[in-house]
Student: 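I'd like to ask you about the structure that follows.
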Amino acid sequence: MPEGLEAEIYRRAAERTVGRTITAVEVDDLQDTADELRAVLPGLTIVGTHRVGKQVVLDLDDGERLGLHFGMTGRLIVDGASAIDRLEYASGRDDPKWDRLRLDFDDGTHLRVNDPRRWAVFRLDPDLDRLGPDIFDLTPELLAERLRGRRAAIKALLLDQGVVAGFGNMIADEVLWQAGVSPHASAATLSDEQLAAIVEAAQTNLPEMLERGGSHTGVIDPEVRATLPPCPRDGGPLRRDTVGGRTTIWCPVHQTA
DNA sequence: GCCCTTGTTACGCC
DNA sequence: AGGCGTAACAAGGG
């Protein structure tokens, strides 16, 4: 599932298209922007890329921006090569019938978003103002500010893209495990030390996971999620709960409220 | 064929 | 008003 780390991997792949001019566009009819994209994009040149949370943005030479959001199973293919071969919960295949967006370029290359479950969303000039600060820009002060007045479970709030942009289910569990904070803990009762630990865990572990290849490379990896071995830190019994409507793996011994 | 998976949004309630 | 909890959505895979 593309979380902020996968979005950054996709952005880096998309960076290769800078300088290319779009000659043809194919869009899944399910996208409510399909007609608009077909009308507007041909003839435009990609001049840059950036990313906020899970949103990858292609900057176009007319000043517009094309926002790519990959949903649960969307993958980016640039020049025929998938930026990520293995995506948890996604099919291992890259079937052309699952192409939801295809941009052909003037030099004969192309970019595709392939998404079996059709939750990817493409739109011009995406509204990024509702997103919180990016996971790579977190500071204790910023996180405290975003959580002010909130009292829901910390994990549910980390997954709220308006609080922090880029956390998905796996890296939220990983960061809380690393920080020693219970996913059930109310944001209203978190200590300054716990907030600092969460930010420290994000700053330390997320770049490492990015370099290792994505959200599935943490301690709480898919194998651990599936088999619930003893906690790798203290040997305690890992638990599988639902928090914020999502499956949550955590250790009640060292992750405290 | 049933049920699991996730990110986002819609909706009802407080 | 706005926070919060829950369900719905798509559809492949087990």
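All heavy atoms count here, side chains included; hydrogens, waters and symmetry mates do not. To find a chain, count down the sequence lines: A is the first, B the second, and so on, and within it residues start at 1.
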Student: For the pair made of CG in A/L131 and C1' in B/dT9, what is the distance, rounded to whole Å?
Tutor: 14 Å
Student: Can you name the atoms? Protein N/O to nucleotides 6-10 of chain C N/O, anything below 3.5 Å, with the distance.
Tutor:
from: C/dA10; atom 1: O4'; to: A/W119; atom 2: NE1; distance (Å): 3.1

Student: Hey, what's the ring geometry for A/H184 with A/W250, parallel, tilted or perpendicular (30° and 60° as the breaks)?
Tutor: perpendicular
Student: At under 4.0 Å, does any side-chain N or O of A/Q161 touch on OP1 or OP2 of B/dT8?
Tutor: yes
Student: For the pair made of CG in A/L158 and P in B/dT8, what is the distance, rounded to whole Å?
Tutor: 14 Å
Student: Contact between A/R123 and A/D32 at the side-chain level, heavy atoms closer than 4.5 Å - yes or no?
Tutor: no
Student: What ring pair (Phe, Tyr, Trp, His ring centres under 6.0 Å) pairs are there with at least one residue in residues 128-155 of chain A, not counting sequence neighbours?
Tutor: none
Student: Give the rounded distance in Å between these two atoms: CH2 of A/W98 and C1' of C/dG12.
Tutor: 7 Å
Student: Would you kindly give the CZ-to-C1' distance between A/R151 and C/dG5, to the nearest whole Å?
Tutor: 11 Å
Student: Show the numbers, then the answer: is there a salt bridge (Lys or Arg N to Asp or Glu O under 4.0 Å) between A/D173 and A/R225?
Tutor: CA-CA 10 Å; A/D173 281 1; A/R225 303 184 73 84; 3.0 Å; yes
Student: Expressed as a whole number of angstroms, how long is the span from A/D160:CG to C/dG2:P?
Tutor: 14 Å
Student: Measure CZ/A/R75 against C1'/B/dG7 and give the value in whole Å, please.
Tutor: 17 Å
Student: Taking the six-membered ring for Trp, is the centroid-to-centroid distance between A/W119 and A/H69 below 6.0 Å?
Tutor: no
Student: So if you build clusters from Ile, Leu, Val, Met, Phe, Trp, Tyr with side-chain heavy-atom gaps below 4.5 Å, do A/I198 and A/I171 land together?
Tutor: yes
Student: In whole angstroms, how far is the C1' atom of B/dT6 from the CD1 atom of A/I171?
Tutor: 13 Å
Student: For A/D115 and B/dT8, what is the distance between atoms CG and C1' respectively, to the nearest whole Å?
Tutor: 13 Å
Student: Toward the 5' end of DNA chain B, which comes first, A/T247 or A/K54, by nearest nucleotide?
Tutor: A/T247
Student: Kindly list each side-chain donor-acceptor pair under 3.5 angstrom involving residues 42-49 of chain A, sequence neighbours excluded, with atom names and distances?
Tutor:
from: A/T45; atom 1: OG1; to: A/T21; atom 2: OG1; distance (Å): 2.6
from: A/T49; atom 1: OG1; to: A/R11; atom 2: NH1; distance (Å): 3.0
from: A/T49; atom 1: OG1; to: A/E15; atom 2: OE1; distance (Å): 2.5

Student: When the nearest nucleotide of DNA chain C is assigned to A/G149 and to A/R100 on a heavy-atom basis, which residue is associated with the more 5' position?
Tutor: A/G149
